[in-house]
Amino acid sequence: MKSIKLSAEDLARLVRRIRKGDDAAWSALVDELSALVFSVPRRMGLSRDDADDIFQETFLRLHQSVGSLEDPLRVAAWAAGTAANLSLVALRSRRRRRINDAEVLSDDAASAADPLPDEEAASSLLAHAARTSIAGLPEKCRDLLTLVILEEADYQEISSRLGIPVGSIGPTRARCLDKLRKELASQGFSQEDVS
Amino acid sequence: MSDGIGKSQASMNKSRSPVTEEAILKALEGPWEKPSDAALAAARALGAPKPAGRTYVFPLWTFTKAALAVRSSAGELHAEASAEGCALRMMAASDGKGGWDLIGQVEGQVEALEIGGQPQPLAEGRFECSVSALGSQEIEIVAQGVTIVGPTLAEFFGNGSV
């Protein structure tokens, strides 16, 4: 089963290697954060083409800033936040270009409809951390949560693929989610970050 | 630059409750996709070795006047774009012999400008030059010791203009 692998400490290690001129570390960092950075604009309603632009701009800025990041442990947060802010700028730019449309919202109404970049970034960062953490759980939990949450498989299929009774999937899922919550808490995630 | 979620760091030492199952599931509901191969390759390439002594960036240029060429009644092309804190305004007029006369201005902390590999003298940010074609002539701006690789003249004025 495919897994995502790098913890915040791993990412910080990559940042330190990049600072020493390790080009392979940069590629590894791009690969590791690619889904996170690309998914932020997608979650904020931008097209794939626009998301590609935001993706490149975010990594360009990260490349320029990697030497001065105050806390390498927060490189994923930095990237998600930057992508969210750039996405908001892009969304507002789209709106300005539609100025000749028949229905033009007032500035206040239009701003009220904007997604909140902080919340979008935090939610995407939580998704990234959850996916990473799921990959690091014991095999049984990893496989179960991957099937239940990420692949949305039904219980019959899960039972068949993992060889566990349908009746035990629910309780096992609850225990595994609790482990996941504890793991995320140990990484500093809290409800206050995402609400 | 703010990472946009400073509140999570700021609240790290305050009373914090574990993230709920509902919040986790909600976060995992949204799109989770990979960028195009081209975008991924471009991002990776930022870390590729560069010639010694020069640092290059390949920013997205934001066109503030015309994403595509604006051909005025006088047969001129106008466009404005900005990137990395530098702005570039330029007009191209046909010289009647197949070439183009360019007049433009740069703003920001611009140290040097090259068009088609030729350094352009800057007088208070203004420059003038002639080129034989707009096609593949690249614009490069040096700002704070970094070379910002811009679009080609053809891209700058719009693909439809050449």
Side-chain angles (χ1 to χ4, degrees), chain A residues 18 23-27 29-31 34-35 37-39 42-43 48 51-53 55-61 63-65 71 74 77-85 117-118 121-127 130-131 149-150 174 177-178 180-182 184-185 188-195, chain B residues 1-50 52 55-64 67 83-85 143-144 146 148-149:
Chain A
I18 292 166
D23 299 324
W26 171 257
S27 289
L29 186 68
V30 170
D31 289 347
S34 61
V37 171
F38 186 75
S39 295
R42 294 288 286 145
R43 285 164 174 251
R48 285 192 62 89
D52 267 347
D53 289 345
F55 174 85
Q56 292 181 69
E57 179 71 17
T58 300
F59 277 105
L60 177 67
R61 293 187 182 202
H63 192 256
Q64 292 168 333
S65 305
D71 184 357
R74 289 179 53 75
W78 190 101
T82 300
N85 288 330
D118 281 9
S123 177
S124 297
L125 198 60
L126 176 60
R131 287 169 182 271
I149 299 175
L150 305 183
L177 271 170
D178 195 47
L180 177 60
R181 289 176 60 219
K182 287 175 179 165
L184 291 169
F189 281 91
S190 78
Q191 191 59 29
E192 288 75 18
D193 294 331
V194 290
S195 57
Chain B
M1 176 191 291
S2 163
D3 61 18
I5 50 175
K7 68 174 182 176
S8 50
Q9 193 72 353
S11 59
M12 198 68 85
N13 296 323
K14 296 179 184 174
S15 172
R16 294 163 65 83
S17 48
V19 68
T20 64
E21 175 182 327
E22 183 186 13
I24 295 170
L25 296 178
K26 186 177 173 208
L28 289 169
E29 271 176 9
W32 198 256
E33 303 166 357
K34 289 280 188 181
S36 68
D37 289 345
L40 194 56
R44 284 186 184 137
L46 291 168
K50 308 296 186 308
T55 303
Y56 295 83
V57 297
F58 298 82
L60 298 177
W61 285 68
T62 301
F63 284 84
T64 49
E84 302 302 309
Q144 299 180 62
V146 173
I148 302 168
V149 180

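Order of the sequence lines sets the chain letters (A, B, ...), proteins ahead of strands, with each chain counted from 1. Values below: every heavy atom of this structure, side chains too, minus hydrogens, waters and symmetry copies.
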Using side-chain contact (heavy atoms from CB on, under 4.5 Å), reason through B:I24 and A:R181 one step at a time and then give a plain yes or no. CA-CA 8 Å; B:I24 295 170; A:R181 289 176 60 219; 3.5 Å; yes
Identify which of B:E29, B:E21, B:R44 forms the greatest number of heavy-atom pairs closer than 4.5 Å to chain A. B:R44
Heavy atoms only, distances under 4.5 angstrom: which of A:D31, A:I18, A:L180, A:L29 has the most pairs with chain B? Name it, please. A:D31
Output, in order, the C-alpha distance, side-chain angles, deciding distance and verdict of side-chain contact (heavy atoms from CB on, under 4.5 Å) for A:F189 and A:L125. CA-CA 10 Å; A:F189 281 91; A:L125 198 60; 4.1 Å; yes
Report the distance from atom CZ of A:R42 to atom CZ of A:F55, rounding to the nearest 0.5 Å. 14.0 Å
Got a donor-acceptor contact below 3.5 angstrom from the B:W32 side chain to the A:S124 backbone? no
Please report the interatomic distance CG(A:L60) to CD(B:E84), rounded to the nearest 0.5 Å. 5.0 Å
Measure distances from B:L25 to the heavy atoms of chain A and classify the residue's part below 4.5 Å as side chain, backbone, both or neither. side chain
Count the heavy-atom pairs under 4.5 Å between each of B:A39, B:A27, B:P35 and chain A, then report the option with the highest count. B:P35
Name the option with the most non-hydrogen atom pairs under 4.5 Å to chain B; the candidates are A:A51, A:S34, A:A185, A:A83. A:S34
Heavy-atom distance under 4.5 Å to chain B: side chain of A:R43, backbone, both or neither? both
Quick check against the 3.5 Å criterion: does A:N85 have a side-chain atom that pairs as donor or acceptor with the backbone of A:G81? yes
Bottom line for A:A35: the part with an atom under 4.5 Å from chain B's heavy atoms is both
